[in-house]
Protein chains: 2
Amino acid sequence: MSGYSIKNLAGQFGVTPRALRFYEDKGLLSPARRGQTRIYSERDKTRLLLTLRGKRLGFSLEECKEIIDMYDPSQSNDTRQLVRLCQKITEHRRALLEKMKDVEATLKTMDEVEQNCLDKLLKNVAQG
Amino acid sequence: MSGYSIKNLAGQFGVTPRALRFYEDKGLLSPARRGQTRIYSERDKTRLLLTLRGKRLGFSLEECKEIIDMYDPSQSNDTRQLVRLCQKITEHRRALLEKMKDVEATLKTMDEVEQNCLDKLLKNVAQG
DNA sequence: ACATAAATTTACGTTAACGTCAACTTTAGC
DNA sequence: GCTAAAGTTGACGTTAACGTAAATTTATGT
């Protein structure tokens, strides 16, 4: 009785069932099955959240998978793999900090345009 | 003598000439012409910068155009249009602040994973 | 002037990320 | 037990954002 149906989970995130099946095909989700029917767990729900978050930031599904697979608690204990993981994290962090800068730069320009716009409006009120 | 050739400008931003022609087709750039040949101005260069910045943040070229056209100094003085512009800015700012939150959330999760990873590495060193 | 490098248009090809049937099976409420 | 709703697997369609190749014109260095 536990877990979400495909329609339910899709509904929660405002996407279609087709999208969930597609994400599964790409290895982002791996729901259990009751017969043929998919049943999504909390883990699937979390992975879906992270997938959509990644998408909003402009990552491809493939990149999302890489990132999310890192996060997943199925990490090994092998020293080499752990070091490799740390490297990957550092790399991804760089990309994210770049995005952060892009956001900030865009917001700043936006503020300037708004200020200019408000100035013009004030003039219109005074004159017109 | 002033202005950039298509190859030069493309090279400066690490994209192909084809991309610049494509952006022009979509109304993002409108370079001058010497005969048939395109010549890109500083304005074009700025618009290209903003286009690529928008792309990195996951905006479509159409969304980029909307945003960039707002920024452009060819704004009218009509009160209605200025008010409309302010509304658009507010709307876009909301989207950007959302992205910002997504970035922060991802960075936070990343830090946690890294910490967990470093802990495991320490144990490995201690144990051998 | 002439070869070479760069630019142009036209047009078809490609990849990602789903949308949209169709045809069929399964599940759930009454 | 039966019907309607929900789910499943193909398989083909679509849009965005270019890539790529061909055929032709235009600059440029010597």
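In what follows, every heavy atom counts, from backbone to side chain, and hydrogens, waters and symmetry copies are set aside. Chain letters run A, B, ... following the sequence lines, proteins first and then strands; every chain starts at 1. Predicted model, so just to flag it, every value in this text is computed and none were measured.
For the OP1/OP2 pair of C:dG19 and a distance below 4.0 Å, the side-chain nitrogens and oxygens of A:T16 include at least one atom meeting the criterion.
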For residues 50-59 of chain A, run the donor-acceptor check on the side chains, cut-off 3.5 Å, and write out each pair with its distance to 0.1 Å, sequence neighbours left out.
unit_1: A:T51; atom_1: OG1; unit_2: A:R47; atom_2: O; d: 2.7
unit_1: A:R56; atom_1: NE; unit_2: B:D102; atom_2: OD2; d: 2.7
unit_1: A:R56; atom_1: NH2; unit_2: B:D102; atom_2: OD1; d: 3.0
unit_1: A:R56; atom_1: NH2; unit_2: B:D102; atom_2: OD2; d: 3.4

Pair up each side-chain donor or acceptor in residues 118-128 of chain B with any protein partner under 3.5 Å, not counting sequence neighbours, and list the distances.
unit_1: B:K120; atom_1: NZ; unit_2: A:N77; atom_2: OD1; d: 3.3
unit_1: B:N124; atom_1: ND2; unit_2: A:N77; atom_2: O; d: 2.8
unit_1: B:N124; atom_1: ND2; unit_2: A:T79; atom_2: OG1; d: 2.8

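The structure places NZ of B:K7 at 12.0 Å from OG1 of B:T16, a figure rounded to the nearest 0.5 Å. With values rounded to the nearest 0.5 angstrom, A:R84 atom CZ is found 6.0 Å from A:Q87 atom CD.
Listed for the A:Q81 side chain is no donor-acceptor partner under 3.5 Å among the backbone atoms of A:D78. Looking at B:T37, its side chain never comes within 3.5 Å of a backbone N or O of B:R33 through a donor-acceptor pair. Of the possible donor and acceptor atoms, none in the side chain of A:D111 sits under 3.5 Å from a partner among the backbone N and O of A:K108. The main-chain N or O of A:S5 is never found under 3.5 Å from a side-chain atom of A:N8 such that the two would form a donor-acceptor pair.
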- Which letters describe nucleotides 23-30 of chain C, given B = protein heavy atom under 4.0 Å from base, S = only from sugar-phosphate, - = neither? --------
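Protein chain B contacts DNA chain D over a range whose 5' and 3' limits, counting nucleotides with an atom under 4.0 angstrom from a non-hydrogen atom, are D:dA17 to D:dA27.
Along DNA chain C, the nucleotide nearest B:N8 and the nucleotide nearest A:R18 are compared for position; the residue whose nucleotide lies closer to the 5' end is B:N8.
Checking each of A:R94, A:K99, A:R93 against A:L97 for a side chain to side chain contact (heavy atoms under 4.5 Å, CB included) leaves exactly one that passes, namely A:R93.
Across residues 19-33 of chain A, A:R21, A:R33 each have a non-hydrogen atom less than 4.0 Å from an atom of DNA chain D (numbered order).
Listed by chain and residue number, A:E42, A:K45 satisfy the side-chain hydrogen bond (donor to acceptor under 3.5 Å, both in side chains) test with A:Y4 (two or more places apart in sequence, or in another chain).
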